[in-house]
Amino acid sequence: MSEISILNQQYKLDSLGLLPDFCLQEIFNREVSNASAAKIIILLSGETQTKVLQNINIIRAQKIKVIIDKFCKKILDIPFARFEKSCENLMDRVQDLKEAGKIQIPEISLDESFLNNTHELTNFSDNLPRFNFHHNDLHDLISWWNLAAKNIKSLFGKRVQAENLVLERLDDEFSARIFAHAIDDLHKNEFADKAEELRAAALSEYELRLNLIETFLLSLISKTNERDLATKLGDYFPNNDMKDRLIKNGPLLLIPAVKDELPPEDIAMSLYKVKLMYEELGIDKIDKLIKPSNNHFLTKGLSISSSNMNPEYARRIIYARKKSTLDEFKIKQKMIIDAATCIRENISTYVMLELMTSYTVYDFEE
C-alpha cells in the first residue's frame with residue numbers, strides 16, 4: 001500500500017474531495033468500470049473516499065467496496081502499473097469532461113439554492129410510492145416510471161441519490177434486478193443480455209404459475225377428484241416427487257396462499273389444499289379465503305369455475321383469461337425494460353413514454 005500511496009500526491013487525487021457532488025457523479029458515472037473506480041478510491045484518503053462513494057449509486061458502491069476489501073485483505077493483488085494506468089485514465093477523463101463543459105463550474109457567483117436541491121429530492125421521495133410489478137396496472141406502471149425517470153434526469157447533482165431511491169422503492173424482484181443492472185457499469189450489449197435473461201426466466205416462471213391455476217380451475221369445472229388434481233399439478237414438476245408431496249403435505253397446510261411472489265411449488269401446494277377445502281366446505285368458504293389473493297386470474301377464474309355456467313363456455317373463458325393475463329405480463333416486462341434502458345442511456349422521457357405506450361391502445365396523459 002505504501003508504494004502506491006505516492007500516486008495520491010503525484011496526481012493530486014484528494015483534490016477530488018473539493019469538487020461538488022454533480023462533478024463527482026459525472027466523473028465516476030457508469031462509463032468508469034467498478035474495477036477502475038475501486039483502484040482510484042483505494043488511493044484516496046478516508047474523507048475523500050467517503051465523499052466519492054456517496055456519489056456512486058448503491059449497486060456499484062457495494063461492488064466497489066468488495067474489491068477494496070479484497071485488496072486490503074490481500075486476497076486480491078493489483079500491480080502498481082494498473083493503479084498508475086487508472087490514474088492516467090482518470091486525468092484524461094477529467095480533462096475531456098472539462099473541455100466538453102460537463103464538469104465546468106461557472107465562475108460567476110451562484111445562489112446557493114442552485115446547487116442545494118435537497119427540497120426537490122425530499123419531494124420526490126414523498127411522491128414516489130412503492131412499486132410492484134404484479135400489483136400495478138399498465139397505467140400506474142407508466143406513471144410511476146415516468147415520475148422516476150423525470151426526477152433522475154432533473155435533480156441536478158442528485159442523480160445517484162435519485163437512483164438509490166428508485167431502487168429502494170421497487171418491491172418485486174424482476175423490476176429491482178432490471179434497474180440494478182441498468183445503473184451498474186455494464187456495457188450496452190451486456191445489459192441487453194442480462195435483461196433478456198431475466199425477462200425469459202420471469203416469464204417462464206409466471207407462465208408456470210398460470211398453468212397451475214388454470215389446471216386447478218379446470219378441475220373445478222370438470223369436478224375431478226383431488227388425486228387427479230395432484231397428478232396433473234405434479235406433472236409440472238417432472239424432476240421431483242411433487243404429486244406425493246401434495247397428497248402427503250397438502251392436507252397439513254393451515255392457510256393456503258396463492259400470491260405472485262410465492263414459488264410455484266408453494267402455489268401448487270396451496271391450490272391442492274384449496275381443492276380439498278372446496279370439496280369439504282363448498283364455494284362460499286373458499287371464496288372468502290381466496291379473495292385476499294393478488295392474483296386476479298385466480299379470483300376471477302374461481303367465480304367462473306364455480307358458477308352454473310355451461311362448462312364449455314366456462315373453459316373458453318378460463319383459456320381466454322389466461323392468455324390475456326400472460327399477454328399483459330409480457331407487455332409489463334417490455335415497458336419496464338424500455339424504461340430502465342431509457343434511464344440508463346439518459347434518453348428523454350418523451351421517447352420513453354412513446355416506447356411504453358406503443359404496446360397499448362391508449363395514450364398516456366400526465
Side-chain angles (χ1 to χ4, degrees), residues 7-44 48-61 63-64 82-118 120-121 124 148-164 166 179 181-192 339-352 355:
L7 293 173
N8 188 326
Q9 293 181 336
Q10 181 180 340
Y11 289 96
K12 297 180 174 59
L13 296 179
D14 273 339
S15 62
L16 290 168
L18 302 175
L19 295 176
D21 289 348
F22 75 91
C23 289
L24 291 176
Q25 291 182 19
E26 190 66 43
I27 291 170
F28 289 97
N29 69 19
R30 62 178 179 78
E31 293 176 3
V32 177
S33 71
N34 296 335
S36 296
K39 288 196 282 286
I40 295 298
I41 294 171
I42 285 171
L43 300 173
L44 304 175
T48 310
Q49 273 193 353
T50 300
K51 183 171 183 180
V52 171
L53 283 169
Q54 286 174 343
N55 283 285
I56 297 174
N57 70 57
I58 191 170
I59 294 297
R60 297 188 59 213
K63 294 182 178 182
I64 289 169
R82 289 172 63 183
F83 279 104
E84 194 169 31
K85 179 63 176 174
S86 291
C87 290
E88 292 172 356
N89 290 341
L90 178 69
M91 295 300 106
D92 291 341
R93 176 170 175 77
V94 169
Q95 185 60 36
D96 290 342
L97 290 172
K98 285 174 64 178
E99 291 177 358
K102 292 185 177 181
I103 62 169
Q104 183 176 0
I105 305 173
E107 295 183 5
I108 60 172
S109 178
L110 293 175
D111 188 288
E112 287 186 5
S113 62
F114 180 77
L115 295 177
N116 184 6
N117 51 11
T118 304
E120 285 80 358
L121 185 63
F124 176 40
K150 275 191 170 182
N151 280 273
I152 288 175
K153 198 174 181 67
S154 66
L155 283 171
F156 184 69
K158 298 292 182 182
R159 182 183 179 95
V160 166
Q161 290 82 353
E163 288 176 346
N164 290 343
V166 169
F179 190 68
H181 285 315
I183 61 176
D184 202 355
D185 67 340
L186 302 176
H187 294 300
K188 187 173 183 177
N189 289 342
E190 289 178 308
F191 171 68
T341 301
C342 288
I343 291 172
R344 165 189 166 83
E345 302 294 338
N346 207 28
I347 294 171
S348 74
T349 53
Y350 168 76
V351 173
M352 186 190 82
L355 279 170

Check: Between atom CZ of F191 and atom NE2 of H181, what is the distance when rounded to the nearest 0.5 Å?
Finding: 8.5 Å
Item checked: side chain to side chain contact (heavy atoms under 4.5 Å, CB included) partners of N8, counting only residues at least two apart -> L13, D14
Notebook entry, point to check: Which one of N57, L121, I58 satisfies the side-chain contact (heavy atoms from CB on, under 4.5 Å) criterion with Q161?
Noted result: L121
Check: Looking at residues at least two apart in the chain, or sitting in another chain, which of them share a side chain to side chain contact (heavy atoms under 4.5 Å, CB included) with T50?
Finding: Q54
Note to self: E31: which residues meet the salt bridge (Lys or Arg N to Asp or Glu O under 4.0 Å) condition with it, sequence neighbours left out?
What the structure shows: R93
Check: How close do G157 and F22 get, heavy atom to heavy atom, and via which atoms?
Finding: CA-CB, 3.4 Å
Checklist line | Any residue meeting side-chain hydrogen bond (donor to acceptor under 3.5 Å, both in side chains) with Q95, in chain and number order, not counting sequence neighbours | finding: E99
Next item on the list: Name all residues meeting the side chain to side chain contact (heavy atoms under 4.5 Å, CB included) criterion together with D21; count only those two or more places apart in sequence or in a different chain, and write none if there are none.
Entry: Q25, K51, N55, K158
Check: How many angstroms lie between CG in N164 and CD1 in I183, if you round to the nearest 0.5 Å?
Finding: 6.5 Å
Using distance only, find each side-chain donor-acceptor pair of residues 84-92 under 3.5 Å and give its atom names and separation, not counting sequence neighbours.
{"residue": "S86", "atom": "OG", "partner": "R82", "partner atom": "O", "Å": "3.1"}
{"residue": "N89", "atom": "ND2", "partner": "K85", "partner atom": "O", "Å": "3.4"}

Check: Can a salt bridge be assigned to the pair R30 and E345 using a cut-off of 4.0 Å between side-chain N and carboxylate O?
Finding: yes
Notebook entry, point to check: Nearest 0.5 Å, what's the NZ-CD1 distance between K153 and I347?
Noted result: 8.5 Å
Notebook entry, point to check: What is the distance from atom NZ of K102 to atom CG of N29, rounded to the nearest 0.5 Å?
Noted result: 8.0 Å
Margin query: So does I103 get a backbone contact from the side chain of K98, meaning a donor-acceptor N/O pair under 3.5 Å?
Written below: no
Notebook entry, point to check: Would you call I27 and L19 a side-chain contact if the rule is heavy atoms closer than 4.5 Å?
Noted result: yes
Note to self: Less than 4.5 Å apart, side chain to side chain, heavy atoms only: is that true for F179 and I343?
What the structure shows: yes
Item checked: Side-chain heavy-atom pair I41, I56 within 4.5 angstrom cut-off -> yes
Notebook entry, point to check: How many angstroms lie between atom CG of L44 and atom OG of S15, to the nearest 0.5 angstrom?
Noted result: 9.5 Å
Check: Taking only residues two or more places apart in sequence, or in another chain, which ones meet Y11 in a ring pair (Phe, Tyr, Trp, His ring centres under 6.0 Å)?
Finding: none
Next item on the list: Check side chain to side chain contact (heavy atoms under 4.5 Å, CB included) between N34 and all other residues, then give those that pass, not counting sequence neighbours.
Entry: R60, K63, I64, D184, D185
Checklist line | Nearest heavy-atom neighbours spanning H187 and E190 | finding: N-OE1, 2.8 Å
Notebook entry, point to check: About how many Å separate OG1 of T48 and CD1 of I40, when rounded to the nearest 0.5 Å?
Noted result: 12.5 Å
Item checked: Distance-minimising heavy-atom pair for C342 and L355 -> SG-CD1, 3.8 Å
Checklist line | Candidate pair F28 and L53, rule side chain to side chain contact (heavy atoms under 4.5 Å, CB included), full reasoning | finding: CA-CA 9 Å; F28 289 97; L53 283 169; over 6 Å; no
Item checked: Residues which pass side-chain hydrogen bond (donor to acceptor under 3.5 Å, both in side chains) with T349, listed by chain and number, not counting sequence neighbours -> none
Checklist line | R159: partners by salt bridge (Lys or Arg N to Asp or Glu O under 4.0 Å), with sequence neighbours left out | finding: E163
